[in-house]
Trainee: 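Once you've had a glance at the structure underneath, I'll fire off some questions.
Numbers here simply count residues along the sequence, with the first being 1.
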Amino acid sequence: MNASHAEPPAGRGDELPAVAPQLRALRRRAGLTLEAAARSAGLSPAHLSRLETGRRQPSLPTLLALARTYGTTVSELLGESTADRDAVVRAADMEPTRAGGWTYFQAGAPGRGMQALRVRVPYGAQGDIVRVHPGEEWLHVLQGRLRLRLGDGAHLLAPGDGAHFDSLTPHRLAAEGHDGVELLFVHTLLQSPTATLCLGPLTGEHP
């Protein structure tokens, strides 16, 4: 595990312009100070402040941590409307979002109890980040090969393979080959900020 993982700086092609004002608004809606929110999400207050002012852009693991902290979804953090909840999501309507080297597409409706994503993971991106959080995750490999470390075990998943596990089990995802990996990814979302009391550490999420 490499603790030197950092968020991508602002001003790159992968920046998420709607995130900064949303982060501040959702933190205030949750009634959290900058210090309390940062502590819950495993960030420093200075780093969260940089995210809220747009001087830094968050990685996908950071977005997930902040969504859990504020009792919301990544979709809402990105400023996406939750008013239209059509059951069908068309491929042409899936807008790519880039964060921390990953590219992901919303494959489900926003504002639900689960979040469905189609994710492209390039070789070498976020492979050193260990994730621990409440909920369940299910993933299915579409293309490429995925290296999944789950607890003390290591697994190599090929196209057509999948995994379903408790997210409190420490887990790490990485592309095995230089061409990267594409997968379907579904995880449950905790909708209440009080659920953050049972959060484990998100190691690797240091400014």
Trainee: Which atom pair, heavy atoms only, marks the closest approach of Ala175 to Gly180?
Mentor: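 Closest approach of Ala175 to Gly180, heavy atoms only: CB-CA, 3.7 Å.
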Trainee: From Arg98 CZ over to Gln57 CD, what is the distance, rounded to the nearest 0.5 angstrom?
Mentor: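 Answer for the CZ-CD pair, Arg98 versus Gln57, is 13.5 Å.
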Trainee: Grouping I, L, V, M, F, W and Y whenever their side-chain heavy atoms are under 4.5 Å apart, do Val186 and Val89 come out in a common cluster?
Mentor: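 Result: no, two separate clusters.
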Trainee: Please confirm whether the backbone N or O of Arg172 pairs with a side-chain atom of Arg149, one donor and one acceptor, at under 3.5 Å?
Mentor: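 No, Arg149 side chain to Arg172 backbone: no donor-acceptor pair under 3.5 Å.
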Trainee: Nearest 0.5 Å please: distance from the CD atom of Glu35 over to the OG atom of Ser40.
Mentor: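 The CD atom of Glu35 sits 13.5 Å away from the OG atom of Ser40.
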Trainee: How far does CD of Glu176 sit from CG of Leu156, to the nearest 0.5 angstrom?
Mentor: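 These two atoms lie 5.0 Å from each other.
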Trainee: Please give me the minimum heavy-atom distance between His140 and Gly160, naming the atom from each residue.
Mentor: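 For His140 versus Gly160, the nearest heavy atoms are CE1-O, 3.4 Å.
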Trainee: Evaluate the ring planes of Phe185 and His187, with Trp represented by its six-membered ring, and classify them as parallel (under 30°), tilted (30 to 60°) or perpendicular (over 60°).
Mentor: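 Rings of Phe185 and His187: tilted, 30 to 60°.
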Trainee: If you round to the nearest 0.5 Å, how far is CG of Leu26 from OG1 of Thr69?
Mentor: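 Here the interatomic distance stands at 11.5 Å.
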Trainee: Are Tyr123 and Leu173 co-members of a hydrophobic cluster defined by side-chain heavy atoms under 4.5 Å apart?
Mentor: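 In one cluster: no.
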Trainee: For Gly144 and Pro159, which heavy atoms make the closest approach, and how far apart are they?
Mentor: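 Looking at all heavy atoms of both residues, the shortest contact is O-CD, 3.1 Å.
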Trainee: I need the minimum non-hydrogen distance between Ala20 and Gly54, along with the two atoms involved.
Mentor: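 Smallest heavy-atom distance, with atoms named: CB-N, 3.6 Å.
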Trainee: Answer yes or no: does atom CZ of Arg145 have more than 12 heavy-atom neighbours from other residues, nucleotides or ligands under 6.0 Å?
Mentor: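 Counting other residues, nucleotides and ligands, CZ of Arg145 stays at 12 neighbours or fewer.
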Trainee: Any side-chain heavy atom of Leu146 sitting closer than 4.5 Å to one from Val121?
Mentor: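 Result no, sub-4.5 Å side-chain heavy-atom pair not found.
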Trainee: Main chain of Asp166, side chain of Thr169: is a donor-acceptor contact present, judged purely on distance under 3.5 Å?
Mentor: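 A pair under 3.5 Å: yes.
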Trainee: At what distance, to the nearest 0.5 angstrom, does NE2 of His171 lie from CG of Leu150?
Mentor: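 Answer for the NE2-CG pair, His171 versus Leu150, is 8.0 Å.
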Trainee: Just do the side-chain contact (heavy atoms from CB on, under 4.5 Å) check on Leu51 and Leu43 with the steps written out, would you?
Mentor: CA-CA 10 Å; Leu51 295 176; Leu43 304 170; 4.1 Å; yes
Trainee: Any side-chain heavy-atom pair from Leu48 and Leu66 closer than 4.5 angstrom?
Mentor: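 In contact.
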Trainee: Does some side-chain heavy atom of Pro61 sit less than 4.5 Å from a side-chain heavy atom of Arg131?
Mentor: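 Of all side-chain heavy-atom pairs linking Pro61 with Arg131, at least one is under 4.5 Å.
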Trainee: Counting distance only, does the side-chain N/O of Thr53 pair as donor-acceptor with the main-chain N or O of Ser49 below 3.5 Å?
Mentor: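 Yes.
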Trainee: Kindly compute the distance separating CZ (Arg120) from CH2 (Trp102), expressed to the nearest 0.5 Å.
Mentor: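 One finds 14.5 Å between CZ of Arg120 and CH2 of Trp102.
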Trainee: Between Tyr70 and Arg29, is there a side-chain heavy-atom distance shorter than 4.5 Å?
Mentor: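 Of all side-chain heavy-atom pairs linking Tyr70 with Arg29, none is under 4.5 Å.
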Trainee: Could you check if a side-chain atom of Thr103 sits within less than 4.5 angstrom of a side-chain atom of Val119, using non-hydrogen atoms only?
Mentor: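 No. Closest side-chain heavy atoms not under 4.5 Å.
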Trainee: Going only through I, L, V, M, F, W and Y residues with side-chain contacts under 4.5 Å, is there a path from Leu34 to Leu63?
Mentor: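 Linked, Leu34 and Leu63 end up in one cluster.
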Trainee: So do the side chains of Leu139 and Leu184 get within less than 4.5 Å of each other, counting heavy atoms only?
Mentor: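 They are not in side-chain contact.
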Trainee: For a quick test of reading the model, state the closest non-hydrogen atom pair linking Ala174 to Gly127 and the distance between them.
Mentor: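 Answer, listing the atom of Ala174 first, then Gly127: CB-CA, 3.9 Å.
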Trainee: Going by distance alone, is a donor N or O of one side chain under 3.5 Å from an acceptor N or O of the other, for Glu95 and Gln106?
Mentor: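 Side-chain D/A pair, Glu95 to Gln106: absent.
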Trainee: Consider only side-chain heavy atoms of I, L, V, M, F, W and Y, link residues closer than 4.5 Å, and tell whether Phe105 and Val141 are in one cluster.
Mentor: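 Unlinked, Phe105 and Val141 end up in two clusters.
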Trainee: Has His164 got more than 12 heavy atoms of other residues, nucleotides or ligands less than 6.0 Å from its NE2?
Mentor: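 Enclosed: over 12 neighbouring heavy atoms sit under 6.0 Å from NE2 of His164.
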